[in-house]
Amino acid sequence: MKKFFITTAIDYPNSLPHVGTAFEKIGADVMARYKRLCGYETCFLMGNDEHAVNVEKKALSLGLDTQEYCNKMAEKFKAVWKQLNVSYDRFIQTSEPAHIKASQEMFLRAQKNGDIYKGKYKGWYCNSCESYVKEKDLVEGKCPVHNMPPAAIEEENYFFALSKYRDRILKFIEENPSFVEPEIRRNEVLNILKEGLEDLSISRSNFKWGIPVPGDDSGHAIYVWFDALINYITGAGFSDDAEKFARLWPADVHVIGKDITRFHCIIWPAMLMSAGVALPKKVFGHGFVYNKGAKMSKTLGTVVDPAGVAEKYGADTLRFFLVRENPFGQDGEFSIEKLESRYNSDLANDLGNLLHRTLTMTEKYQQGRMARPADIAPDAELQAKLDAAIKAYEPLMDAFEFRDALAKIWELISYLNTYIEKSAPWTLAKEKKFDRIAKVMYDVCESLRIISIMISPVVPASAEKIYAQLGLDAVKPMKDMRIEDIKQWGAIPDGLEVKKGAPVFQRIV
RNA sequence: GCCGGCGUAGCUCAGUGGUAGAGCAGGGGACUCAUAAGCCCUUGGUCGGGGGUUCAAUUCCCUCCGCCGGUACCA
């Protein structure tokens with residue numbers, strides 16, 4: 001069986017996910033669900049990145065044991081993802097034993113390969129922050145939080161010989177145009193590589209909360225991002241399930257935020273090369289979701305809680321809005337006004353009402369049963385719209401162009417409303433042309449069957465409702481639907497009884 | 001500073017060397033199966049400013065303005 005291994009970035013559990021984080025998980029989930037639809041054995045990995053100073057600080061501030069705090073947060077994260085219908089297969093915590101083992105193994109492999117050495121790390125240390133302050137964050141040479149000049153500190157750390165891999169990575173990325181997507185991210189990576197690379201410090205001394213550097217008793221811990229990247233192979237079974245690892249690795253795609261492109265496209269490949277592990281096939285850097293033009297941030301008060309939105313509007317509404325409104329590779333905008341507007345126009349008015357009016361007419365004009373027409377082929381114009389949506393679907397979905405795939409589907413939906421209008425079954429009824437009505441109803445219901453399958457990766461719960469109202473549960477469960485089913489016209493059997501229920505998408509007033 | 005992207009109708013965006021398109025919003029109309037939804041028609045833009053190449057530029061080149069991203073220890 002073909003496999004598909006997809007990952008998202010792991011998150012710092014010092015606060016709960018916001019809509020921007022949800023954008024990433026939902027985008028990846030749409031891909032995972034789509035690949036399952038295509039018949040792939042799909043593994044969708046996500047998790048939390050726990051070995052961070054901020055996480056430890058947060059735990060301490062709450063008077064909790066760090067591990068205990070992380071475990072609680074992991075449950076909370078999982079609850080949010082479940083609420084958003086994010087269908088992950090494996091949720092990793094970087095504090096778990098398998099990951100500690102994998103990280104140490106990676107460190108040892110790099111060391112064995114001669115890529116790890118001790119060197120001096122120089123940084124600006126703020127005594128009040130009790131941490132290093134990034135040079136670019138300094139304001140007039142002072143710590144922006146405490147307005148104090150930080151101390152220049154030198155620390156002996158382990159370094160990773162990243163510079164050694166520059167040529168190989170550059171060559172790899174030049175030869176594999178689809179390794180980094182979208183294009184803009186690839187260009188940035190190529191630029192960075194052309195400017196040259198320096199080695200990286202990958203440990204910190206005196207960390208209690210972290211993975212100990214193997215074979216070092218001086219209190220060094222592996223620096224957070226080095227162990228964070230390794231989560232991808234841990235999740236695939238690197239340290240605890242060789243068979244699984246052989247099956248899943250290399251990852252088909254790492255879905256990440258555009259801000260961490262460098263880690264995934266340069267450092268991570270170098271680590272893997274050093275350890276003799278295959279490189280992932282693709283890294284996709286998605287855009288950010290803004291709130292009224294501003295980045296979502298706690299301090300600005302612009303954070304939107306995805307669980308709250310899902311609670312009020314339903315997970316599918318949030319999922320649909322994010323995917324329909326924003327190209328996955330580019331930045332987008334979130335607002336409740338836009339969400340409501342998109343919901344009403346696309347879901348309630350166009351799709352929901354189309355289903356509802358069709359089922360009502362089926363009940364009214366043909367006793368709620370479908371009649372399979374003798375001439376099964378749809379009218380030429382409908383056929384053309386169907387072909388356009390179906391042909392565009394797979395290439396667009398495969399390329400993370402979910403927005404455009406949906407746009408094509410909505411062109412079809414829009415046409416179906418026009419088709420009903422042109423056919424005017426209510427007039428046909430007065431003229432007693434019931435064969436023609438049956439044909440129109442069949443065409444529309446068949447189209448809706450196909451549409452329900454095509455939109456199921458984006459709005460899984462609603463797609464099932466549509467499928468069920470069409471009465472198709474009686475034929476085959478929706479979970480058994482595969483991509484082939486969208487190409488097969490005429491699957492609705494003669495005499496199938498529709499199961500009209502409450503409107504699937506009730507208008508927001 | 002350097003590299004890259006963007007600036008097109010109220011909003012979100014598409015687009016081409018031959019004097020601009022879609023969706024939403026706004027306005028009007030006919031209908032009634034439907035969630036006052038759907039359908040049809042329609043208002044609306046000197047395509048950021050300036051210059052150049054060309055018979056012709058929104059589309060190519062230069063320049064200016066504005067916004068954004070990258071420019072290593074930020075997941």
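Below, all heavy atoms of this structure are taken into account, side chains as well, without hydrogens, waters or symmetry copies. Per chain, numbering begins at 1; letters A, B, ... match sequence-line order.
Base-pair partner of B:G66: B:C6 (Watson-Crick or G-U wobble, both distances under 3.5 Å). When both distances must be under 3.5 Å, the Watson-Crick or G-U wobble mate of B:A22 is B:U12. Look at B:U59: it lacks any Watson-Crick or wobble partner with both distances under 3.5 angstrom. Using the Watson-Crick or G-U wobble rule with both distances under 3.5 Å, B:C39 pairs with B:G29. Judged by Watson-Crick or G-U wobble contacts below 3.5 Å, the nucleotide B:U71 has B:G1 as its partner.
Residue A:F505 is classed as a base contact, given a heavy-atom separation below 4.0 Å to a base. Note on A:N187: nothing from the nucleic acid sits closer than 4.0 angstrom, heavy atoms only. At a threshold of 4.0 angstrom between heavy atoms, the contacts of A:R342 with the nucleic acid are absent. At a threshold of 4.0 angstrom between heavy atoms, the contacts of A:L162 include nucleobase atoms, whether or not backbone atoms are also involved. At a threshold of 4.0 angstrom between heavy atoms, the contacts of A:T358 with the nucleic acid are absent. Within the 4.0 angstrom heavy-atom criterion, no nucleotide atom of any strand lies near A:G20. Using a 4.0 Å heavy-atom distance criterion, A:K430 is classed as a sugar-phosphate-only contact. A:G257 comes within 4.0 angstrom of nothing in the nucleic acid, heavy atoms only. Looking at heavy-atom distances under 4.0 Å, A:P425 makes no contact with the nucleic acid at all. Residue A:L197 is classed as a base contact, given a heavy-atom separation below 4.0 Å to a base. Among the heavy atoms of the strands, none lies under 4.0 Å from A:I202. No engagement by A:E325 is indicated, since no non-hydrogen atom pair under 4.0 Å with the nucleic acid exists. Nucleic acid contact class of A:K422 (heavy atoms, under 4.0 Å, all strands): none.
You'll find that the side chain of A:W225 is closest to B:A75, out of B:C74, B:A75, B:C39. With distances taken from any side-chain atom of A:S201 to the nucleotides B:C73, B:C39, B:U71, the minimum falls on B:C73. Considering only the side chain of A:S345, B:C24 comes nearest among B:C24, B:U35, B:G69. Of the listed nucleotides (B:A34, B:C3, B:A75), B:A75 has the atom at the smallest distance from the side chain of A:A228. If you check B:A75, B:G38, B:C33 against the side chain of A:M361, the one that comes closest is B:C33. Comparing B:C33, B:A34, B:C74 by their nearest atom to the side chain of A:E421 picks out B:C33. Comparing B:A75, B:C73, B:U12 by their closest approach to the side chain of A:L200 singles out B:C73. The side chain of A:E198 has B:A72 as its nearest neighbour among B:G38, B:A72, B:C33. Each of B:C3, B:G69, B:A75 was ranked by its minimum atom distance to the side chain of A:R185; first place goes to B:G69. The A:R357 side chain lies nearest to B:A34 when the options are B:U71, B:A75, B:A34.
Remark: the A:E363 side chain and the B:C33 base include no donor-acceptor N/O pair separated by less than 3.5 Å. For A:R507 against B:A37, a side-chain-to-base donor-acceptor contact under 3.5 Å is absent.
The side-chain heavy atoms of A:M31 and A:V255, taken from C-beta on, include no pair separated by under 4.5 Å. Residues A:L355 and A:L470 meet the side-chain proximity criterion, which asks for heavy atoms closer than 4.5 Å. Under the 4.5 Å side-chain criterion, counting only non-hydrogen atoms from C-beta, A:L347 is not in contact with A:R324.
Between the P atom of B:C74 and the CG atom of A:D49 lies a distance of 13 Å, rounded to the nearest Å. Counting to the nearest Å, the C1' atom of B:A36 and the CD1 atom of A:I508 are 17 Å from each other. If you measure from atom CG of A:N54 to atom P of B:C73, you get 16 Å, rounded to the nearest angstrom. A:E188 places its CD atom 7 Å from the P atom of B:U71, with the value rounded to the nearest Å. Summarising the geometry, the separation between CG on A:N349 and C1' on B:C33 is reported as 16 Å, rounded to the nearest angstrom.
The shortest distance between the side-chain N/O atoms of A:Y223 and the OP1/OP2 oxygens of B:C74 is below 4.0 Å. Contact annotation: A:S341 side-chain N/O to B:U12 OP1/OP2 distance is not under 4.0 Å. Under 4.0 angstrom from either OP1 or OP2 of B:U71 there lies at least one side-chain N or O belonging to A:R262.
Ion pairing between A:E195 and A:R262 fails under the 4.0 Å rule for side-chain N and carboxylate O. Comment: A:D379 engages A:R436 in a salt bridge, judged by a side-chain N to carboxylate O separation of less than 4.0 angstrom. By the 4.0 Å N-to-carboxylate-O rule, A:K338 lies too far from A:E333 to be salt-bridged with it.
Rounded to the nearest Å, the gap between the P atom of B:U8 and that of B:C47 is 11 Å. When the P atom is used for both B:C68 and B:C41, the distance is 41 Å, rounded to whole Å. Nucleotides B:U63 and B:C3, compared at atom P, are 11 Å apart to the nearest Å.
Here A:R319 contributes atom CZ and A:I455 contributes atom CD1; the two are 11.5 Å apart, rounded to the nearest 0.5 Å.
The number of heavy atoms from other shown groups lying within 6.0 Å of NZ (A:K433) does not exceed 12.
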